[in-house]
Amino acid sequence: MLRTLIAICLFSLTLPGSALAQGKGIRFWNLTTSTISSFQLSPAGKNDWGPNQTLNDKDKEVDHDERLRITGVEPGRYDAKVGYRDSRQCVVRDIEIREDAVFSIADKDLKDCNK
């Protein structure tokens, strides 16, 4: 009986913490060599670009090796439009975005760049 009571007490202490725990959300990790000044997502193949996600950052840019919280996006497959300070824009196609996970883009992923 004592063991059962102890188990119930321990369980009740851990329950509120786990019940209130939330995931970290979707995050983008900039592995390109440059600072990103604009980052938009579209469902893969749709060219229906969402809001500039860099506005979620305190300085409104995403430096090399910095992570950015992505908001208003459900898990799925997306294209990304990446913009830089020098007005260059590149598109990265068919990125898998998972719930509470980090996805990254590196220089080798940048395609369809223009200036």
Side-chain angles (χ1 to χ4, degrees):
M1 180 68 178
L2 183 57
R3 285 185 181 171
T4 304
L5 183 58
I6 291 172
I8 291 171
C9 288
L10 289 175
F11 179 76
S12 66
L13 289 174
T14 60
L15 182 61
S18 62
L20 295 176
Q22 295 179 359
K24 292 185 178 185
I26 298 169
R27 290 150 346 265
F28 161 63
W29 187 7
N30 179 14
L31 295 180
T32 69
T33 54
S34 300
T35 298
I36 292 173
S37 59
S38 174
F39 188 81
Q40 296 173 277
L41 293 167
S42 168
K46 300 287 186 189
N47 284 337
D48 184 18
W49 303 105
N52 180 1
Q53 295 284 336
T54 63
L55 300 178
N56 299 334
D57 189 70
K58 64 183 175 185
D59 68 357
K60 311 298 184 231
E61 294 184 316
V62 187
D63 298 324
H64 164 73
D65 200 31
E66 183 180 1
R67 294 184 187 195
L68 172 70
R69 180 172 296 276
I70 301 297
T71 61
V73 174
E74 295 294 321
R77 298 201 83 75
Y78 290 85
D79 296 335
K81 188 188 299 184
V82 182
Y84 294 95
R85 291 178 184 162
D86 63 0
S87 299
R88 179 174 60 119
Q89 285 192 336
C90 301
V91 175
V92 181
R93 304 255 180 229
D94 203 31
I95 301 167
E96 181 180 3
I97 295 180
R98 292 178 281 158
E99 187 173 343
D100 295 328
V102 176
F103 68 97
S104 64
I105 294 176
D107 287 336
K108 67 178 176 58
D109 301 317
L110 300 174
K111 308 287 183 213
D112 303 325
C113 295
N114 64 31
K115 186 166 181 174

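What you see is a predicted model, and the numbers here were worked out from it, not measured in a lab.
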Enquirer: Under the side-chain contact (heavy atoms from CB on, under 4.5 Å) rule, what do Gln89 and Asn114 come out as? Steps first, then yes or no, please.
Expert: CA-CA 6 Å; Gln89 285 192 336; Asn114 64 31; 3.7 Å; yes
Enquirer: Considering only residues two or more places apart or on different chains, which pairs with a residue in residues 39-57 satisfy salt bridge (charged side-chain N to carboxylate O under 4.0 Å, His left out)?
Expert: none
Enquirer: Within a strict 4.5 Å, meaning less than it, do heavy atoms of the Tyr84 and Leu110 side chains meet?
Expert: yes
Enquirer: Working to the nearest 0.5 Å, report the span between SG of Cys90 and CG of Asp109.
Expert: 10.5 Å
Enquirer: Got a second to check how far Thr32's OG1 is from Lys108's NZ, nearest 0.5 Å?
Expert: 12.0 Å
Enquirer: Quick check for you: to the nearest 0.5 Å, what is the distance between Asp79 atom CG and Lys111 atom NZ?
Expert: 13.5 Å
Enquirer: Which atom names give the shortest non-hydrogen contact between Gly25 and Arg69, and what distance separates them?
Expert: CA-NH1, 3.7 Å
Enquirer: Inspect the surroundings of CD in Glu99 and state if more than 12 heavy atoms from other residues, nucleotides or ligands are less than 6.0 Å away.
Expert: no
Enquirer: Looking only at atom types and distance, does a side-chain atom of Asn30 sit under 3.5 Å from a main-chain N or O of Asp63, one as donor and one as acceptor?
Expert: yes
Enquirer: Of the non-hydrogen atoms in Gly50 and Gln40, which two are nearest, and what is the gap between them?
Expert: O-NE2, 2.9 Å
Enquirer: Which heavy-atom pair separates Leu41 from Ala80 by the least distance, and what is that distance?
Expert: CD2-CB, 3.8 Å
Enquirer: Supply the atom-to-atom distance His64 NE2 to Leu31 CG, rounded to the nearest 0.5 angstrom.
Expert: 7.0 Å
Enquirer: Counting C-beta onward and ignoring hydrogens, is there a side-chain heavy-atom pair between Ile70 and Ile97 closer than 4.5 Å?
Expert: no
Enquirer: Counting only N and O atoms by type, is there a donor-acceptor contact under 3.5 Å from the side chain of Asp112 to the main-chain atoms of Val91?
Expert: no
Enquirer: How many angstroms lie between CD in Gln53 and CD1 in Ile36, if you round to the nearest 0.5 Å?
Expert: 12.0 Å
Enquirer: Taking Phe39 as the fixed residue, which of Val62, Ile105, Leu55 is the one that meets the side chain to side chain contact (heavy atoms under 4.5 Å, CB included) rule?
Expert: Ile105
Enquirer: Once rounded to the nearest 0.5 Å, what's the spacing between atom CZ of Phe103 and atom CH2 of Trp29?
Expert: 13.0 Å
Enquirer: How far apart are the closest heavy atoms of Trp49 and Ser42, and which atoms are they?
Expert: CE3-CB, 3.4 Å
Enquirer: Hey, quick one: are Leu68 and Val102 part of the same hydrophobic cluster, counting side-chain heavy atoms closer than 4.5 Å, chains of contacts allowed?
Expert: no
